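In this text the structure is predicted, and so the values were computed from the model without any measurement. Sequence lines set the chain letters: A, B, ... in the order given, protein chains first and strands last, and positions in each chain run from 1.
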2 protein chains.
Amino acid sequence: MASIHDVAKEAGVSVATVSKVINNYPDVSDKTRKKVSQTIKKLKYHPNVAARGLVKGRSWTVGVFVTTSFTNPFVTELLEGIKTALQNSGYDLLHLSTRFDDPTYSFVEHCLSRNVDGVVGFGIDRNDPHLEELLDSDIPTMLVDSDIQGRRAAYITTENKTGIMQAVAHLAELGHSRISFVSGELDNAVGQLRHEGYVEGMKSHKLSVNPAYVKISDYSMEGGAQAMTELLELEERPTAVVCTSDMMAIGAINVIHRSGLSVPEDISVIGFDNTYYSEIFSPALTTVNQNIRSIGSHAIETLIAMIENADFTPSVVTEPSNLVVRCTTAQLRDKSAL
Amino acid sequence: MASIHDVAKEAGVSVATVSKVINNYPDVSDKTRKKVSQTIKKLKYHPNVAARGLVKGRSWTVGVFVTTSFTNPFVTELLEGIKTALQNSGYDLLHLSTRFDDPTYSFVEHCLSRNVDGVVGFGIDRNDPHLEELLDSDIPTMLVDSDIQGRRAAYITTENKTGIMQAVAHLAELGHSRISFVSGELDNAVGQLRHEGYVEGMKSHKLSVNPAYVKISDYSMEGGAQAMTELLELEERPTAVVCTSDMMAIGAINVIHRSGLSVPEDISVIGFDNTYYSEIFSPALTTVNQNIRSIGSHAIETLIAMIENADFTPSVVTEPSNLVVRCTTAQLRDKSAL
DNA sequence: CTGAAAGCGCTTACAG
DNA sequence: CTGAAAGCGCTTACAG
């Protein structure tokens, strides 16, 4: 690779001048600028980003730490949004590899030694010590779905509460009263808000919350299957289930089908996320849509704004959610049929 | 961030000595080594990778260029394999963002200015000018599914031909003779080999290839749906379809169902890839399994070997494939029923 | 408008 | 065993 020196020599100017034309400084004569530009083209010169970063203290890089599987559809959609926003931004996405062989491994130190300009995080437990360290580090950070803010950190999330309320309302309008809530952990903002949405939704339709109908599991298919298995063992099983992820809903539906019951005839099921799977799955899922790609894009846009303006303190952004009715919910059947 | 100078001053040694202990050089006395190590811990010092890279001419970074959507299940599984192999390797994955606003954008120049140590590529058209440039650049490159080699480039793929042959054999054994082949483009190695597998598979079962049964489309659900629509319009429609991706198979099945026919009763369908979708989809897909994650991991391992040994010329690796029989294939029905 | 020089945080011969 | 110095490829005051 040609270096700035090669260009300078070839063009008969100093490296300082070359640097100025690269960076579009105004104090260069048109003639020199033209000469240098031509030489750059001729030599196929491209600035070494690491060298530039070394002096500027930057890397034009955004760090991300994918702790879950890439096959997780939420992650996948989020990355797609991130990718889109990164396009033309001048930043590249650095996917930081964990080092499990090192017990002292620190995500933040990794970011620091890589000199990333910002970090986008998701799926991080709010008690994760890495998170606290990150917040302390003053590296600009955008969190997805974690209700945590810092001097240089903000977050973005979905209207979780109203999303679930819409789901409950839909079921109530279909005549259901024995509505179950199958959720991921409740010890974080997302879990809490969705649970609140469930409780309030039930209340506003004068429906009572049966504690046996609230099942906490994890967001996977297996989690949904496990919860559903337990629900089916109940004396009086629910006629409708609100799940907090599409994968959980799919897991639940599989269990229902395997038990000889059908969806939505016997039990209505609602998912959450509106990932690609929810449409492909058959029956197509009724689900709460969240604009995951927008969340990803917005997170990056905000992060870049934070990076480029040290005084910028972003406010929390909440993307709207809405219910998408497809084929897994139906009118409650005649009670005698139960 | 503390720099090497801070550590040197604090420990009362020269930066050269600090560098030596960081890099585990032997010519440092135990005493100094201990002293320096302690200071490093105390100051939470971590070497700046960009600075080190500048002098070493490396970046400990592998570049990747995701041109398709992250939601593509093949890509997703591949990245998961890549991620796994990168763990503990000391390399991070740099996801290069394209710059569509710049018509002169060059992937290779992007790699060069980022100084990536190697590139893993997939889904690249063999005629893509970027690819040629990449091969010329001498940046170590591992391609997935592109049968292209270079001084510093190799590829890894699946046993495509035998995979399809197994699929055809399975259908033939079920009594099918009107077997269709729905594929992505044939102008690349993968497409060609799969097509060969189809033709040979048919021949070895004494079945004739009906040109009207060969449909070329793209690997998406829409592609499969489009091809299937055309097949259903045929006077004598096929009784079985081999698709070259799971998504195509899903698209095809949806069309079959919508037309009032059923899978596998009326038409058997086989997919390719054995992605997560194929299990979740209902009916669960009979499909040709390829070890996508292994391919991803293997690609990285080979790439790192190439990076760290300039003389290493890897041979082509072909991962085995095998048919996974699930619910979308069945015995041919009585001919009179057609 | 142009360029010499210092410096970003490292590594590496080389001298001692 | 230790360290001074040059250099990796850039940018940025600063002087002219």
Side-chain angles (χ1 to χ4, degrees), chain A residues 1-40 43-61 90 109-117 308, chain B residues 1-40 43-61 90 109-117 308:
Chain A
M1 270 278 280
S3 82
I4 198 172
H5 286 100
D6 300 321
V7 176
K9 191 185 292 179
E10 178 79 17
V13 298
S14 72
V15 296
T17 301
V18 176
S19 176
K20 282 171 188 165
V21 350
I22 294 168
N23 295 289
N24 262 309
Y25 282 26
D27 60 338
V28 180
S29 75
D30 276 2
K31 198 179 146 206
T32 356
R33 187 183 300 281
K34 197 160 296 173
K35 175 77 184 144
V36 170
S37 300
Q38 282 168 354
T39 315
I40 286 175
L43 265 43
K44 297 195 173 193
Y45 166 72
H46 275 256
N48 178 314
V49 180
R52 173 183 285 175
L54 189 57
V55 11
K56 304 270 279 186
R58 307 205 23 201
S59 65
W60 290 273
T61 254
E109 283 167 3
H110 194 169
C111 289
L112 256 13
S113 65
R114 277 290 183 186
N115 211 8
V116 302
D117 297 332
E308 298 186 345
Chain B
M1 270 278 281
S3 82
I4 198 171
H5 286 100
D6 301 320
V7 176
K9 191 185 291 178
E10 178 79 17
V13 297
S14 72
V15 297
T17 301
V18 176
S19 175
K20 283 170 189 166
V21 349
I22 295 168
N23 294 289
N24 262 309
Y25 281 28
D27 60 337
V28 180
S29 73
D30 276 3
K31 197 179 147 205
T32 348
R33 187 183 299 281
K34 199 160 294 172
K35 175 75 183 146
V36 171
S37 300
Q38 282 168 354
T39 313
I40 285 175
L43 266 42
K44 295 191 174 196
Y45 166 71
H46 274 257
N48 179 313
V49 180
R52 172 182 286 175
L54 189 56
V55 10
K56 304 268 278 185
R58 306 204 25 200
S59 65
W60 291 274
T61 255
E109 282 167 3
H110 194 168
C111 290
L112 257 12
S113 65
R114 278 290 184 185
N115 209 8
V116 301
D117 297 331
E308 300 187 343

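In this structure, B:Ser3 reaches the sugar-phosphate backbone alone: every heavy-atom distance under 4.0 Å involves primed, P, OP1 or OP2 atoms, never a base. Counting non-hydrogen atoms under 4.0 angstrom, B:Asp27 reaches a base of the nucleic acid. Across all strands, A:Ser19 comes closer than 4.0 Å to base atoms (heavy-atom distances). B:Val13 comes within 4.0 angstrom of the backbone, heavy atoms only, and of no base.
When side chains are defined from C-beta on, B:Thr39 does not count as touching B:Lys9, because their heavy atoms never get closer than 4.5 Å. Contact annotation: the side chain of A:Leu112 approaches that of B:Met1 to within less than 4.5 Å [non-hydrogen atoms, C-beta and beyond]. A:Asn23 is listed as a side-chain neighbour of A:Arg52, based on a closest heavy-atom distance under 4.5 Å. The closest side-chain heavy-atom distance from A:Lys31 to A:Lys35 is not below 4.5 Å.
The distance between atom CD1 of B:Ile22 and atom P of C:dT12, rounded to the nearest whole Å, is 11 Å. Atom P of nucleotide D:dG9 and atom CZ of B:Arg58 are separated by 16 Å, given to the nearest angstrom. Taking atom CE of B:Met1 as the reference point, atom P of C:dG9 lies 10 Å away to the nearest angstrom. Atoms NZ (A:Lys20) and P (D:dC14) sit 13 Å apart, rounded to a whole Å. Remark: C1' of C:dC1 and CG of A:Asn24 are 16 Å apart, rounded to the nearest angstrom. A straight line from NE2 of B:His5 to C1' of C:dT11 spans 12 Å, rounded to a whole angstrom. When the P atom of D:dT2 is taken as reference, atom CG of B:Asp30 falls 10 Å away, rounded to whole Å. If you take CG of B:Leu112 and C1' of D:dG9, they are 14 Å apart, rounded to a whole angstrom.
Listed pair A:Asn48 / D:dC8 fails the phosphate criterion, with no side-chain N or O lying under 4.0 Å from OP1 or OP2. Taking side-chain N and O atoms only, B:Tyr25 has a distance below 4.0 Å to OP1 or OP2 of C:dT12. When the side-chain nitrogen and oxygen atoms of B:Thr17 are compared with OP1 and OP2 of D:dT2, none of them lie within a distance under 4.0 Å.
Mapping B:Arg33 and B:Ala51 onto DNA chain D by nearest heavy atom places B:Arg33 closer to the 5' end of the strand. In this structure, B:Ala16 and B:Leu54 both approach DNA chain C, and ranking their closest nucleotides by distance from the 5' end singles out B:Leu54.
The nucleotide whose nearest atom lies closest to any side-chain atom of A:Lys56 is, among D:dT12, C:dC1, C:dG3, D:dT12. Among the nucleotides C:dA4, D:dG7, D:dT2, the one closest to the side chain of B:Val55 is D:dG7. The B:Ile4 side chain lies nearest to C:dC10 when the options are C:dT2, C:dC10, D:dC10. Of the candidates C:dA4, D:dC10, D:dT2, the closest approach to any side-chain atom of A:Ser14 belongs to C:dA4.
Side chain of A:Ser19 to backbone of A:Val15: no donor-acceptor contact under 3.5 angstrom is found.
Pair assignment for C:dA4 gives none, since no Watson-Crick or G-U wobble pairing has each distance under 3.5 Å. Base pairing annotation: C:dA13 forms no Watson-Crick or G-U wobble pair, as no partner gives both donor-acceptor distances under 3.5 Å.
In terms of heavy-atom proximity, B:Ser14 sits nearest to B:Ala8 at C-CB, 3.8 Å.
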